[in-house]
Amino acid sequence: MEYNFREIEKKWHQKWVENKTYQVSEDDSRKKFYVLNMFPYPSGAGLHVGHPLGYIASDIYARYKRLQGYNVLNPMGYDAYGLPAEQYAIQTGQHPAITTVNNINRYREQLDKIGFSFDWSREICTCDPQYYHWTQWAFQQMFKSYYCNRVKKARPISELVKAFETNGTEGLDVACSEELKFTAAEWNAMSEKQQQETLMNYRIAYVGETMVNWCPKLGTVLANDEVVDGVSERGGYPVVQKKMKQWCLRVSAYAQRLLDGLDTIDWTDSLKETQRNWIGRSEGTEVRFKIKDSDVEFTIFTTRADTMFGVTFMVLAPESELVPTVTTEAQKAEVEAYLDATKKRTERERIADRRVTGVFSGSYAINPMTGEAIPVWISDYVLAGYGTGAIMAVPAHDSRDYAFAKHFNLEIRPLIEGCDVSEESFDAKEGIMINSPREGMNSCGLVLNGLTVKEAIAKTKEFVKEHNLGRVKVNFRLRDAIFSRQRYWGEPFPVYYKDGMPYMIDEDCLPLELPEVDKFLPTETGEPPLGHATRWAWDTVNKQVVENSKIDHQTIFPIELNTMPGFAGSSAYYLRYMDPHNDKALVSKQADGYWQNVDLYVGGTEHATGHLIYSRFWNKFLFDLGVSIKEEPFQKLVNQGMIQGRSNFVYRIKDTNTFVSLGLKDQYDVTPIHVDVNIVSNDVLDVEAFKNWRPEYNNAEFILENDKYICGWAVEKMSKSMYNVVNPDMIVEKYGADTLRMYEMFLGPVEQSKPWDTNGIDGVHRFIKKLWALFYSRQGEFLPSDGKPTKEELKSIHKLIKKVSTDIENFSYNTSISAFMICVNELSQLKCNKKTVLSDLIVLLAPFAPHISEELWEKLGHDTSVCDAQWPSFNEEYLKEDTVKYTVSFNGKARFTLDFPADADNATIEKTVIGHESSQKYLEGKSIKKVIIVPKKIVNIVIG
RNA sequence: GCUCGGAUGGUGGAAUCGGUAGACACGAGGGACUUAAAAUCCCUUGGCUAUUGCAGCUGUGCGGGUUCAAGUCCCGCUCCGAGUACCA
């Protein structure tokens, strides 16, 4: 009987739905396992063959864990808010909700063909009000919280208000935008508006006026991780810096915990390293410098406190608030011209054209160590956003300061013994200090000469602390996340404004639904697209606010017109899957208590500094609230590689319609042209299909080699424009889902990027047919029978059990599949038809090829789904060999291969070797010094 | 520039602790069955030399080193990929 995959796969898809095979619920009698894929953004292009790679890998693991007896949660959903649907809406007028639903349906159709064990009853979609209810709720909780550095936790803002009422800011240690100082009396005397403004300084979700990445073309701000090389990640439009009032999340408060948490999770080192760099912890010292002949003071941050004696100038960022203060009358015009010029440069230009620019402010600062007066400059190589926006410049030991000093002819003063700074600075943190202080230099008593750099830093820190010149400070590169987007297709903020200050809509009124608008562009007055939704503003928000918050009916409250960014909806979705239909809470205590956190998370590396930071932050916040019981959301993370396209080329002879085969192309002047990979097989072009591919090739002519047209090829990104997109539906149609699944895994390690090449798929398909042939003869006779397996049969299957079990744990699916091929070959050669052996084989195969496994499992007479079978365990007894081949070498030279008993030891080997004919000849007249048995069946004998 | 990966046949890739390369698969070549094709099965397949017997040399990006033994460890390079970039 033929292997009819179409019928089999259709049958089991139906049965799985009917029997709710993959629906799970909390079950305290079984251990849980939570497998999760990064949920997709449903794009209009549908899935290509690369998208399911990670889903297949995680599905195999999920099915494997289930066979081991775990209660496995394996959900799927959609990250449905996003720019493409909105851009499409702007162009065509089609509502993004419609586009999104269409795309989701298409995705679902494609996914269903591949046979995943997803529990679709838990499907979520970020644009569903039932879902974003909890995104809005979490945001409100952040608004109502501040971060206490003492307990290292988020706490209710009401606690902070109480503290202000009794003590003001006295003894406060909390995360804030800027250090404020006021007394209880001052606080109590503030108006409500002033109090609200003050609280903004401490809230975890706050409105802040910050420099943002503004993308004029998209009409919105972008987060740092959404900007790549100075242009927007989506669309590649220019991005400029702009000061704007925006919602922000105080991610920076969690910087240390985000860093520490990395040590507790099982992610790849490279991904952890990327996050560490992004968080960018640096330990240093803040030192105050006074401006000469003035009361003005400013603080700088340095990691090289040891170089205090080598400071020859100071630099402020152009955006620094101190700039107007330090600029003297005489320099005013020049400084203003410089500020103007820098403001005009986009970030992109600054990156592309890194020339040294700057201007002298006219003021001098006093070095607190030496009393020297040093010039204060302004330059855009100092960033306003990092540290204090001001630096002390040590040109001898910092390459940027060095370039600046050279350009403006400022003094360069070496501080490390033996370093040569005539050509470049000496940046390394090593060596012995000199000139600190220099002979004859005033000093306040600090002497660093003779110390190593490390010692000098420590000593200076102590000195600074003791003399109250500044403080020891840890700085992070991680910035607060900007949380407003001037777009339509995103979660609306559950916020209204009173007296210019934001207030939260009552929790009972959530979700605040996204209103309809008739235009998706900003309004004439420059407000975000939600500004078009005037009716909604009245009907929905004011009604909710007024009725539920018991506020004066006459008042019209403006509502927040921004929407939330893409990462809002994806930051806590893993919690929602645990309890997706709960309308009382994000997740019930019971569900969260059972599922805890994600045991295995699979997705691409492109989210390393975006989603994977934000959701860790978000989860830590919910952890502080007691909503999530695990501090880290994703215990183990596997990054699947990208599947690249394998493009094919034809070569057209210039100015003709004649195409020349690859091997002959060098004899002509040709242009390579991409050709659709779907009309090429094993690099041989289907000439007729090519003629029909496009009208202009209708009467194309060909110069063939060996009667074939051979195409060239290259590995490129899989994309429509390269004509190298391979669609999974087509593969399923031609070979079946089981073949697709196995082939995707057979292609190579999951973590590795590799090109898709449909050519190799026949090998996997053949394997499945061979497997089928173990069960059915060509005449359709069912072969399996009861009976005791032979030694060889047991050995073959137990070898496989051992291999596959360890391989799945290590995600080495490709080598597992090789092992299956070997085993099936062995069993066919042994003509094995023992039901026990074949049953084990089917269970092992079930995670990889679920459809054929279900079918054959049923045929073997089992009445439950193969999903509920038990993973077989192997028996070392069956794997033992009677004799073992040892390679024997003498002095590492002459080699023989000999058989020894499996349990041979030094003594028996020595005896046997000597007794052996060929070796005896070699050994004549020599004595054995020692016998070394090393693993892997090697014996070395040293003779002399 | 810095950080982290990687480089193995015509191709995708195996090789767990250093154990004597190239598993498995594709492709290619040859053969069987067939009127023919498809399907299936068998043989060969890193390179070079030898070939109606054995076999020999060479070989994991390049150059050194450690070791009885190196794709694997160490030192110095070349190239490729990813992340990051005035972070003081």
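Since the model is a prediction, treat every value here as computed from it, not as a measurement.
Between A/Arg276 and the phosphate of B/rC4, there is no side-chain N or O to OP1/OP2 separation shorter than 4.0 Å. The side chain of A/Gln752 places an N or O atom within less than 4.0 Å of a non-bridging phosphate oxygen (OP1 or OP2) of B/rG13. Proximity of A/Lys754 to the phosphate of B/rG13: no side-chain N or O atom is located under 4.0 Å from OP1 or OP2.
Distance noted for atom C1' between B/rA7 and B/rC43: 33 Å (whole Å). If you take atom C1' in B/rU20 and the same atom in B/rC33, they sit 42 Å apart, rounded to whole Å. Atom name P, nucleotides B/rG61 and B/rG10: the rounded distance is 13 Å, in whole Å. Of the P atoms belonging to B/rC24 and B/rC62, the separation is 26 Å, rounded to the nearest Å. Going from the P atom of B/rU40 to that of B/rA25 covers 13 Å, rounded to whole Å. Between B/rU16 and B/rG71, the two C1' atoms lie 15 Å apart (nearest whole Å). Taking the P atoms as reference points, B/rA23 lies 15 Å from B/rU11, given to the whole Å. Between the C1' atoms of B/rA28 and B/rU35, the separation comes to 27 Å (whole Å).
Taking atom CD on A/Glu744 and atom C1' on B/rG12, their separation rounds to 14 Å, with Å as the unit. The CE-P distance, from A/Met642 to B/rA82, rounds to 9 Å in whole Å. When the P atom of B/rU3 is taken as reference, atom NZ of A/Lys272 falls 20 Å away, rounded to whole Å. Atom-to-atom, CE of A/Met392 to P of B/rC87 comes out at 15 Å; the value is rounded to the nearest Å. Taking atom CZ of residue A/Phe301 and atom C1' of nucleotide B/rC86, one finds them 16 Å apart after rounding to whole Å. Straight-line distance from the CG atom of A/Asn277 to the P atom of B/rG5: 13 Å, rounded to whole Å. Counting to the nearest Å, the P atom of B/rC41 and the CD atom of A/Gln829 are 11 Å from each other. Look at CG on A/Leu747: it is 11 Å from P on B/rA14, rounded to the nearest Å.
A/Glu744 places none of its side-chain heavy atoms less than 4.5 Å from the side chain of A/Ile731. Taking the side chain as every heavy atom from C-beta outward, A/Leu800 and A/His798 never approach each other to under 4.5 Å.
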Produce the list of close N/O pairs, under 3.5 Å, pairing protein atoms with atoms of nucleotides 23-29 of chain B; give distances to one decimal.
{"from": "B/rC26", "atom 1": "OP1", "to": "A/Arg766", "atom 2": "NH1", "distance (Å)": "2.4"}

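A salt bridge is absent between A/Lys708 and A/Asp683; no separation between the charged side-chain nitrogens and carboxylate oxygens falls under 4.0 Å.
Figure legend. B/rC41 is base-paired to B/rG31; pairs are counted as Watson-Crick or G-U wobble with both atom distances under 3.5 Å. Across all strands shown, B/rU67 has no partner, as no Watson-Crick or G-U wobble contact with both distances under 3.5 Å is found. Partner assigned to B/rU11 is B/rA25, using Watson-Crick or G-U wobble distances below 3.5 angstrom. The pairing partner recorded for B/rU84 is B/rG1, the criterion being a Watson-Crick or G-U wobble arrangement whose two distances lie under 3.5 angstrom. Remark: B/rC17 base-pairs with no nucleotide in the shown strands. Criterion, Watson-Crick or G-U wobble with two distances under 3.5 Å. Pairing for B/rC79 goes to B/rG6, judged as Watson-Crick or G-U wobble with the two contacts each under 3.5 Å. Across every strand in view, B/rA55 sits in a pair with B/rU49 that passes the Watson-Crick or G-U test at under 3.5 angstrom.
A side-chain donor from one of A/Asp807 and A/Thr815 sits under 3.5 Å from a side-chain acceptor of the other. Using a 3.5 Å distance cut-off with no hydrogens or angles, the side chains of A/Thr299 and A/Glu286 do not pair a donor with an acceptor. A/Tyr381 and A/Asp401 are linked by a side-chain donor-acceptor pair at a separation below 3.5 angstrom, with hydrogens and angles left out of the test. Judged by distance alone, the side chains of A/Glu411 and A/Thr312 never bring a donor and an acceptor atom under 3.5 Å apart. There is no side-chain donor-acceptor pair under 3.5 Å between A/Thr342 and A/Asp380. Between the side chains of A/His397 and A/Ser425, no donor N or O sits under 3.5 Å from an acceptor N or O.
Residue A/Pro749 has its side chain nearest to B/rG13 when only B/rC87, B/rU40, B/rG13 are considered. Nearest nucleotide to the side chain of A/Lys769, out of B/rA88, B/rU40, B/rC86: B/rU40. Comparing B/rC86, B/rC87, B/rU84 by their nearest atom to the side chain of A/Tyr386 picks out B/rC87. Taking only side-chain atoms of A/Glu273, from C-beta outward, the nucleotide of B/rU3, B/rU84, B/rA88 with the closest atom is B/rU3.
Annotation: of the two residues near RNA chain B, A/Ser753 and A/Asn810, the 5′-most nearest-nucleotide partner is A/Ser753. Place A/Gly280 and A/Ser812 on RNA chain B by their nearest nucleotides, and A/Ser812 ends up nearer the 5' end.
Annotation: cation-pi pair A/Arg477/A/Trp278 present, NZ/CZ under 6.0 Å from the ring centroid and within 45° of its normal.
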